[in-house]
Protein chains: 2
Amino acid sequence: MTVKLPELKQNFTESLSQISRFWGFPKGMGAIFGVLYLSPTPLSLDEIVEQTGLTKGAISTEVRTLARMGLVHRSSKLGDRKDYYEAETDFYQSIRSILKERQNSEFDRAVRSVQEMLTQLESDSVSGSEADVKFVRERVKALQEFFNAIDSLASAVIKLESLGITNVTRILKVLK
Amino acid sequence: MTVKLPELKQNFTESLSQISRFWGFPKGMGAIFGVLYLSPTPLSLDEIVEQTGLTKGAISTEVRTLARMGLVHRSSKLGDRKDYYEAETDFYQSIRSILKERQNSEFDRAVRSVQEMLTQLESDSVSGSEADVKFVRERVKALQEFFNAIDSLASAVIKLESLGITNVTRILKVLK
DNA sequence: TAGAACGTTTAGTAGTTACTAAACGAAGTA
DNA sequence: TACTTCGTTTAGTAACTACTAAACGTTCTA
């Protein structure tokens, strides 16, 4: 038995919606990316409206954050007042932009705050029983080191300049 | 100028709350983990109530999901009816449990769904213009390969048996 | 100038989430 | 037995989120 292409496309966008929601993004974002990703040509805002069922307003705002994350690109044709959007197909490129975007975020602020605590703890400027301070210092330090490791891993991914999937497989071999 | 230890601990748990929320978990979870992580001894439910300001009910449920993720461990003393909780300090161990937990989740279902589409597309069981089908097939395939790469990376992390941070640094050197 | 074709912003809403307060159950103790 | 002392479950709520519908501003066109 055969499946019709438009039907399959719809299933695809639904899957992307779920994935989007799972990672804490609005499901509409996944849907928008989905239709753009499966479109051979860039789509206008109204075409996205038609294919997702969302309203212009919602798409207008969500497409902007998608662009900020580097997952879609906005372009325009000469002599055409519409904006056109297309999906980024290099996912590693996207990851890079997302990670850059997350820089200077609430997350980073919190991590920096932990870093400051550690320096305080290491400079003996914390009052309390010797043993207690030592214990807390070691725990905080361990967490800080973990954060650093994650951070290095992230920036390592950022540095992977469009070498694609083969690179990841290379890493995995090393891990064996 | 010096800071008092309890004050610093409180700042710490607030930072963890923010980090928790950033990753899509309730901020209470971060706070609970925070006080457990900075406690030299396992804490009872009521002690956590006291230090976080949350109610027993909330902690009861959230501590359970923390345990399921392997971030805290529940234990009990003989002749003491209370349960005691302590934080896992091997973060790589925790990551492993979290990733295992996320297996069989909504995320995985969606990914499998995409996998099924791909097999359909590759077995010529999709009706539509030749060029269109080909285009969609290639796009879906690229996404699928990306998912596989991420998945391999995840299971590679799972396999890192308590080798700690040095291992991550090893990986990073390879990436250079 | 009026009007159409865009994208954006705003006000309002349905649904969800992270809690609290309190009832509940189980298990030990007098 | 009744009384504590635990942890759990449930009902309700305040705050937030992802939207919709519609007003709005801008730019092109007649």
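Letters A, B, ... mirror the listed sequences (proteins, then strands); counts begin at 1.
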Could you walk me through whether Lys134(A) and Asp132(A) pass the side-chain contact (heavy atoms from CB on, under 4.5 Å) test, one step at a time? CA-CA 5 Å; Lys134(A) 189 182 172 216; Asp132(A) 287 355; over 6 Å; no

Just how far is it from atom [atom1] of [X] to atom [atom2] of [Y], taken to the nearest 0.5 Å?
X: Leu66(A); Y: Ile32(A); atom1: CG; atom2: CD1; answer: 6.0 Å
X: Leu121(B); Y: Met117(B); atom1: CG; atom2: CE; answer: 9.0 Å
X: Leu45(B); Y: Glu50(B); atom1: CG; atom2: CD; answer: 12.5 Å
X: Gln93(B); Y: Leu71(B); atom1: CD; atom2: CG; answer: 10.0 Å

Is a donor on one side and an acceptor on the other found under 3.5 Å between the side chain of Ser60(A) and the backbone of Lys56(A)? no

Check ring-ring contact (aromatic ring centres under 6.0 Å, His included) between Phe147(B) and all other residues, then give those that pass, not counting sequence neighbours.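 Expected list: none.
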
Which word best sums up how the rings of Trp23(B) and Phe107(A) line up, parallel for under 30°, tilted for 30 to 60°, or perpendicular for over 60°?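 Trp23(B) and Phe107(A): perpendicular rings.
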
Take atom [atom1] of [X] and atom [atom2] of [N], then tell me their distance rounded to the nearest Å.
X: Leu66(B); N: dA18(C); atom1: CG; atom2: P; value: 13 Å
X: Ile59(A); N: dA22(D); atom1: CD1; atom2: P; value: 17 Å
X: Leu78(A); N: dT27(D); atom1: CG; atom2: P; value: 17 Å
X: Glu62(B); N: dA18(C); atom1: CD; atom2: P; value: 8 Å

Run the side-chain hydrogen bond (donor to acceptor under 3.5 Å, both in side chains) test against Thr2(B) and tell me which residues pass, sequence neighbours left out. none

For nucleotides 1-16 of chain C, read 5' to 3', which letter fits each nucleotide if B means a protein heavy atom sits under 4.0 Å from the base, S means only the sugar-phosphate is that close, and - means neither? ----BSBBB-------

In residues 26-36 of chain B, what residues come within less than 4.0 Å of DNA chain C, judged by heavy atoms? Pro26(B), Lys27(B), Gly28(B)

For the ring pair Phe33(A) and Tyr85(A), is the centre-to-centre distance below 6.0 Å?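 Not under 6.0 Å, so no.
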
Remember a base hit wins even if backbone is also touched, and classify Gly53(B) as base, sugar-phosphate or nothing at under 4.0 Å, heavy atoms.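 Sugar-phosphate: the residue Gly53(B), judged by heavy atoms under 4.0 Å, touches backbone atoms but no base.
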
Any side-chain hydrogen bond (donor to acceptor under 3.5 Å, both in side chains) pairs touching residues 8-22 of chain B, not counting sequence neighbours? Ser113(A)-Ser15(B)

For DNA chain D, which residues of residues 9-20 of chain B approach it to below 4.0 angstrom with any heavy atom? none

